[in-house]
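Have a look at the structure below before the remarks.
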Amino acid sequence: MWIVPESAISGLVDAQSAFQAIEECFASMARRDAYNFPVVREALGEGRQYGFKSGLDRAGAVLGVKAGGYFPGNAARGIPNHQSTVYLFDPDSGKPVAMVGGNLLTALRTAAASAISIKHLARADAKVLGMVGAGHQSAFQLRAAARQRQFEKVVSWNLHPEMLPRLAETAAELGLPFEAVDLPQLGAEADVIITITSSFDAILQDGHIRPGTHLACMGTDTKGKQEVAPEILARATVFTDEVAQSISIGEAQHAIAAGLVREGAIVELGAVIVGSHPGRVSAEEITLFDGTGVGLQDLAVAARAVELARAQGVAQQIAF
Ligand code: NAD
C-alpha cells in the first residue's frame with residue numbers, strides 16, 4: 001500500500017494536472033463509466049461537519065473514499081478548516097492501494113471544477129472576474145479561473161472585509177488589478193462570478209446579475225447553505241457536477257424547494273465536456289454552475305497524486 005503524505009502533494013499535483021484529472025472525471029460521469037455513492041455527512045456540533053464521499057470510476061479503475069470535514073476553529077490553530085484524507089482501493093479485489101493527504105487536493109479539485117465550468121460556459125470575451133468569498137479556497141479559485149480567460153480585472157466582496165488582502169495579493173501575483181466593491185458594483189462589472197463562502201443566506205440577489213454572466217457557485221455543499229437567490233437559478237441555465245447532489249446539498253436545493261427549477265432542467269457539466277449538451281447558446285444567457293464537490297473528484301486527483309508520487313519516488317510503501 002502506498003502512502004502519499006499531505007506534505008508531498010504540493011510538489012506533485014498542480015492546477016493544470018488537477019484540471020485534466022477533473023475534466024476526465026466529469027466526462028467519465030457523463031458516459032456513466034463512473035458514479036458516486038451516497039454521501040454521508042454529519043454535523044458534529046459547534047459548526048463542525050464530518051463525512052464520507054466515495055465512488056467508482058470503472059474507466060479509470062478507481063474505487064475509494066474521502067473521509068473528511070470542516071472544522072471552523074482550525075484557522076485559529078493555524079491549520080486549514082478543511083481536513084481530509086483519501087483512501088483508494090483496488091476495484092477488482094477491494095485491497096487497499098493508497099492513503100493520500102486530501103487537504104490541498106480538495107482545494108485543487110474544487111478550483112479545477114469551477115475553472116472547467118468557466119472554460120466551457122463563460123463568454124469567450126469575459127474580462128472582469130468577480131469573487132465573493134475570501135477564505136482558504138478563494139485564492140485557489142482565483143488562480144485556476146485566471147487561466148481560463150483573458151481577465152483584465154478582479155472585483156471582490158466578502159462579508160469579512162479584513163480577509164480581502166488574501167485575494168488582493170493573489171491578484172497581484174497574477175498581474176491583475178484588484179478592487180474591493182459592494183455587491184451591486186460586483187454584479188454590474190463582473191462577467192464571471194465565483195462564490196466560495198460558508199453562507200447560509202443568499203448573498204447575491206436577482207437584481208445584481210446581468211444577462212451573459214457566468215456564475216460558479218462553489219460554497220454550498222450542505223443542506224441549508226446558500227449563496228445566491230433562487231430567482232437567479234430560475235433565470236439561468238443550471239449546470240452541476242452531479243444532479244442528485246445539486247438538488248439535495250447544492251445551491252439548487254433552494255430553487256427546487258421553491259418550485260422555481262425542475263430537476264430535469266439541471267445539466268451535468270460532463271455532458272458539455274463530452275458534447276452531448278451545447279452549453280452556453282447565446283451571449284445573453286446566464287449560466288450557473290452549482291459545484292457541490294463529488295467524491296469522484298477526490299479520487300481522481302488522489303489517483304493522479306499516487307501516479308506522480310510513484311513515478312518520482314516520493315510515495316512511501318508499507319506492507320498492509
Ligand atoms: P473559510 O472558513 O476559509 O472561509 C469562509 C468564507 O465564507 C470567508 O470568505 C468568510 O468571510 C465567508 N463567510 C463566513 N460566514 C459567512 C456568512 N454567514 N455569510 C457570508 N459569508 C460568510 O472556508 P473555505 O475553506 O474557503 O471554504 C468556503 C466554503 O466552500 C465552505 O462553505 C466549504 O464547505 C465550501 N467548499 C466547497 C467545496 C465544493 O466542492 N463545492 C469544496 C471545498 C469547500
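Numbering of ligands and ligand atoms starts at 1, following listing order.
- Counting the atoms of ligand 1 from 1 in the order shown, those under 4.0 Å from a heavy atom of Ile203 are 20 (C).
- When only non-hydrogen protein atoms are considered, atom 10 (C) of ligand 1 lies nearest to His160 ND1, 3.5 Å.
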Worksheet item: When you look at Glu24 and Arg304, which way does the salt bridge (charged side-chain N to carboxylate O under 4.0 Å, His left out) test go after all the steps?
Response: CA-CA 11 Å; Glu24 281 164 24; Arg304 190 62 54 97; 3.3 Å; yes

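- If you check which protein heavy atom lies closest to atom 37 (C) of ligand 1, you get Met218 O, 3.1 Å.
- On a distance-only criterion, Ile196 and ligand 1 share no N/O pair closer than 3.5 Å.
- Residues Glu285 and Arg123 are not paired through a salt bridge, judged by the lack of any N-O separation under 4.0 Å between the basic side chain and the carboxylate.
- The contact set between ligand 1 and Tyr70, taken as ligand atoms under 4.0 Å from a residue heavy atom, comprises 1 (P), 2 (O), 23 (O).
- The closest protein non-hydrogen atom to atom 18 (N) of ligand 1 is Leu159 CD2, 3.9 Å.
- Using a 4.0 Å cut-off to heavy atoms of Ser199, the atoms of ligand 1 that qualify are 17 (C), 19 (N), 20 (C).
- Checked against a 3.5 angstrom limit, the closest N/O atoms of Ala134 and ligand 1 fall inside it.
- Nearest protein neighbour of atom 3 (O) of ligand 1, counting heavy atoms only, is His136 N, 2.8 Å.
- Close N/O approach between Asp221 and ligand 1 is found [any backbone or side-chain N/O within under 3.5 Å].
- With ligand atoms numbered from 1 in the order given, ligand 1 contributes 9 (O) to contacts under 4.0 Å with heavy atoms of Gly133.
- Here the CD atom belonging to Glu189 is positioned 14.5 Å from the NZ atom belonging to Lys127, to the nearest 0.5 angstrom.
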Worksheet item: Yes or no on side chain to side chain contact (heavy atoms under 4.5 Å, CB included) for Leu121 and Leu269, after CA distance, side-chain angles and deciding distance?
Response: CA-CA 9 Å; Leu121 299 172; Leu269 184 54; 4.0 Å; yes

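- For atom 29 (C) of ligand 1, the closest non-hydrogen atom on the protein side is Thr197 O, 3.3 Å.
- Of all protein heavy atoms, the one lying nearest to atom 7 (O) of ligand 1 is Ser198 N, 3.1 Å.
- Cation-pi check for Lys66 over Tyr50 is not met; the charged atom does not lie both under 6.0 angstrom from the ring centroid and within 45 degrees of its normal.
- Polar contact check, Thr106 against ligand 1: no nitrogen or oxygen pair lies under 3.5 Å apart.
- The shortest contact between atom 32 (O) of ligand 1 and any protein heavy atom is with Lys225 NZ, 2.7 Å.
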Item to complete: Give the intermediate values and the outcome of salt bridge (charged side-chain N to carboxylate O under 4.0 Å, His left out) for residues Lys225 and Glu251.
Response: CA-CA 7 Å; Lys225 279 191 187 171; Glu251 196 60 44; over 6 Å; no

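- The environment of CD in Glu42 is sparse: at most 12 heavy-atom neighbours from other residues, nucleotides or ligands sit within 6.0 Å.
- Shortest contact from atom 42 (C) of ligand 1 to any protein heavy atom: Thr110 OG1, 3.2 Å.
- Taking the six-membered ring where the residue is Trp, the centroids of Phe239 and His277 are separated by under 6.0 Å.
- Note on Asp125 versus Arg149: no salt bridge recorded, every NZ/NE/NH1/NH2 to OD/OE distance being 4.0 Å or above.
- The shortest N/O to N/O separation between Gly219 and ligand 1 falls below 3.5 Å.
- When Gln137, His82, Gln49 are checked for heavy-atom proximity to atom 33 (C) of ligand 1, His82 turns out nearest.
- Counting non-hydrogen atoms of other residues, nucleotides and ligands closer than 6.0 Å to CD of Gln150 gives a total of 12 or fewer.
- Around the CZ atom of Arg210, the shell of radius 6.0 Å holds more than 12 heavy atoms that belong to other residues, nucleotides or ligands.
- Within 6.0 Å of NZ in Lys223 there are 12 or fewer heavy atoms belonging to other residues, nucleotides or ligands.
- Per-residue contacts place Arg109 under 4.0 angstrom from the following atoms of ligand 1 (heavy atoms of the residue considered): 39 (C), 40 (O), 42 (C).
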